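Report on the following structure.
Computed from a predicted structure; not experimentally measured. Excluded from the calculations below are hydrogen atoms, water molecules and symmetry mates; all remaining heavy atoms, backbone and side chain alike, are included. So you know, we letter chains A, B, ... as the sequences are listed, proteins then strands, and number each from 1.
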Number of protein chains: 2
Amino acid sequence: MAKDTSPAKRGRKRAVGEDEVVAAAIRLLGARGADAVSIRGIAAELGLAPNAVYTYFPDRAAVIGAVVEHLLGETDLAALTARDTPWRDRIHTLAGDLRRRLLAHPGAVNLLLSGPMDGPNALALGEALLAVLADAGLDPTEAARASYLLIVQVLGAIALEAAELPSPAPAPPIAERVATRREQLRAIPADRFPRTAGAADTIAQFVSDEQYAWGLDRVLDGIEGRANS
Amino acid sequence: MAKDTSPAKRGRKRAVGEDEVVAAAIRLLGARGADAVSIRGIAAELGLAPNAVYTYFPDRAAVIGAVVEHLLGETDLAALTARDTPWRDRIHTLAGDLRRRLLAHPGAVNLLLSGPMDGPNALALGEALLAVLADAGLDPTEAARASYLLIVQVLGAIALEAAELPSPAPAPPIAERVATRREQLRAIPADRFPRTAGAADTIAQFVSDEQYAWGLDRVLDGIEGRANS
DNA sequence: TACATTAATTGCACAGCGTACAGAAATTGG
DNA sequence: CCAATTTCTGTACGCTGTGCAATTAATGTA
């Protein structure tokens with residue numbers, strides 16, 4: 001049961017730790033977007049030669065995976081399992097939290113979607129979600145299906161929002177993004193797309209907190225209909 | 001009203017057309033994955049020097065945008081507006097169609113999510129969706145919100161499926177993907193993630209047709225609850 | 001028919017990327 | 001003090017997007 005990470009190894013001492021590599025990557029992600037999260041960029045950030053990074057991770061994908069894990073690990077799973085709060089509220093809190101955190105560095109969600117999410121923090125999140133949905137009255141099979149549905153919904157919504165942001169810069173405020181959309185929507189020919197043009201005001205607000213919560217509520221409605229079967 | 005694309009221009013004749021550029025890109029996408037859709041790869045496919053591509057598109061992002069538009073344009077919108085079919089069935093058909101088409105070249109959905117979907121084919125799809133949801137009894141505002149919800153759901157589900165596929169190769173059959181997942185899930189420690197381990201069988205099938213349809217049905221349930229308010 | 005104009009294509013170059021390989025530097029157990 | 005072991009660096013290869021200048025091909029006009 002000894003910590004088998006410390007027992008005084010032989011060779012040269014490490015200049016940094018794996019966590020510092022991840023930290024440097026996240027620093028780049030926030031400051032210069034997802035494309036800037038490069039091996040060479042991270043190395044420069046740490047004052048190392050590019051290939052020194054390969055001491056800590058086998059390839060770029062592994063670094064990305066560790067970053068994803070770190071981002072997922074920041075979520076407050078305790079709030080998710082607090083059984084004194086209604087289950088729908090708990091999910092709303094988690095979803096809002098994830099959205100805020102992931103849109104803080106646009107491009108982060110693209111990292112999530114660039115590989116399977118199979119790390120321990122991803123598992124922990126899934127497990128907590130299953131617990132909430134059991135509280136909601138779903139049997140284990142339905143709870144599992146619903147948990148995936150929720151993850152799809154949350155990551156999908158965030159990904160679509162992120163898709164229309166130019167990667168660098170930590171995302172303008174929502175009001176500004178809505179205004180930009182409204183401006184672009186005014187160019188739509190009302191004769192060819194009458195319904196779209198007519199609903200332009202609502203469409204402009206697709207990237208708002210309200211639409212995000214509305215969509216989640218419809219999903220939760222659908223899930224709730226399967227409860228205590 | 002004359003075709004202002006033909007009136008006999010002056011300089012050298014174009015070796016290919018914009019559509020051939022897009023076709024070459026899609027050929028690469030299907031054969032060697034999203035990463036292979038490079039300017040140089042397209043140029044090689046067409047027998048041109050790399051920078052000749054810049055005659056047709058200003059940069060790589062524009063090429064990607066055209067590819068996305070082309071993929072969206074392949075969807076059968078007529079089936080969406082056939083009012084003799086129940087509206088839920090029509091949406092299921094469209095969703096299944098999109099999934100099949102996008103998973104045919106994994107990585108395609110990442111292209112969709114790499115920029116705003118604001119081309120004419122994207123607009124046409126949105127417009128058709130609004131019509132279906134009007135048929136479902138939603139007022140224009142709710143229909144707009146629901147249409148975005150549906151797009152989020154469909155693209156999110158496809159993106160999550162694509163995320164765990166190694167980009168090249170046109171996606172193994174579903175049964176094989178489920179088997180692979182089941183294998184990986186057997187490694188999950190049941191003591192730390194009891195619910196996850198217990199539902200492993202269901203979780204393995206997250207990438208199945210059934211889960212896709214199940215999730216869509218929950219979303220449609222939620223949307224249906226807002227009809228004829 | 002000859003020439004000038006215009007557009008498409010090419011060659012070359014630059015800066016960046018991931019990463020493989022060999023060697024130098026640093027640290028420790030014996 | 002030496003040998004073993006680990007980390008870090010130098011160098012290099014092949015790939016990417018794309019800007020600039022020169023070349024090639026097609027046309028309208030004289």
Side-chain angles (χ1 to χ4, degrees), chain A residues 2-22 24-25 28-29 31-68 107 110-111 114-115 166-168, chain B residues 3-22 24-25 28-29 31-67 107 110-111 114-115 166-168:
Chain A
K3 299 183 70 175
D4 54 356
T5 58
S6 60
K9 287 176 299 182
R10 188 109 75 155
R12 185 172 176 170
K13 203 155 277 174
R14 296 196 156 190
V16 298
E18 312 191 13
D19 48 341
E20 296 184 61
V21 176
V22 172
L28 285 171
L29 182 63
R32 306 203 280 113
D35 289 348
V37 183
S38 63
I39 296 288
R40 299 174 111 101
I42 292 168
E45 192 81 7
L46 297 172
L48 295 175
N51 29 4
V53 175
Y54 290 91
T55 304
Y56 305 93
F57 297 95
D59 54 23
R60 188 183 121 100
V63 180
I64 301 297
V67 169
V68 166
N110 300 315
L111 299 189
S114 70
S167 182
Chain B
K3 299 183 70 175
D4 53 356
T5 58
S6 59
K9 287 177 300 182
R10 189 109 73 156
R12 185 172 176 171
K13 204 154 278 175
R14 295 196 157 191
V16 298
E18 313 191 11
D19 47 340
E20 296 183 60
V21 176
V22 172
L28 285 171
L29 183 63
R32 305 203 281 113
D35 288 350
V37 184
S38 62
I39 297 289
R40 301 174 111 101
I42 291 168
E45 193 81 6
L46 297 172
L48 295 175
N51 28 6
V53 176
Y54 290 91
T55 304
Y56 306 91
F57 297 95
D59 53 23
R60 188 183 119 99
V63 181
I64 301 296
V67 169
N110 300 315
L111 300 188
S114 69
S167 182

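For B:E20 and C:dT9, the CD to P distance is 11 Å, given to the nearest whole Å. Atom C1' of nucleotide D:dT16 and atom CD1 of B:I42 are separated by 13 Å, given to the nearest angstrom. One interatomic measurement links the two molecules: CZ of A:R60 to P of C:dC17, which rounds to 10 Å at whole-angstrom precision.
Closest to the side chain of A:R12, out of C:dC17, D:dT27, D:dC8, is D:dC8. Comparing D:dT16, C:dG18, C:dT28 against the side chain of A:R40 picks out C:dG18 as the nearest. Among the nucleotides D:dG17, C:dC17, C:dT9, the one closest to the side chain of B:I39 is D:dG17. With D:dC8, C:dT5, D:dT5 as the choices, the nucleotide that has an atom nearest any side-chain atom of A:L48 turns out to be D:dC8.
Scanning both residues, A:A25 and A:I42, for their nearest heavy atoms gives CB-CD1, 3.8 Å. Nearest heavy-atom pair across A:L28 and A:G41 is CD1-C, 3.5 Å. Between B:A43 and B:P50, the shortest heavy-atom contact is CB-CA, 3.4 Å. The minimum heavy-atom distance linking B:L46 with B:A24 is given by the pair CD2-CB, 3.8 Å.
Here A:R14 reaches the OP1 or OP2 of D:dT7: one of its side-chain N or O atoms lies under 4.0 Å away.
Residues from residues 49-57 of chain B placing a heavy atom under 4.0 Å of any atom in DNA chain C, listed by number, are B:A49, B:N51, B:A52, B:T55, B:Y56.
Within the structure, side-chain hydrogen bond (donor to acceptor under 3.5 Å, both in side chains) contacts touching residues 40-61 of chain B (residues at least two apart or in different chains) are B:R27-B:E45.
Among the candidates A:I39, A:V22, A:I64, the single residue satisfying the side-chain contact (heavy atoms from CB on, under 4.5 Å) test with A:F57 is A:V22.
When each of B:G11 and B:D59 is assigned the nucleotide of DNA chain D bearing its nearest heavy atom, the one mapping closer to the 5' terminus is B:D59. Nucleotides of DNA chain D nearest to B:K13 and B:A36 differ in position, and the one nearer the 5' end is that of B:A36.
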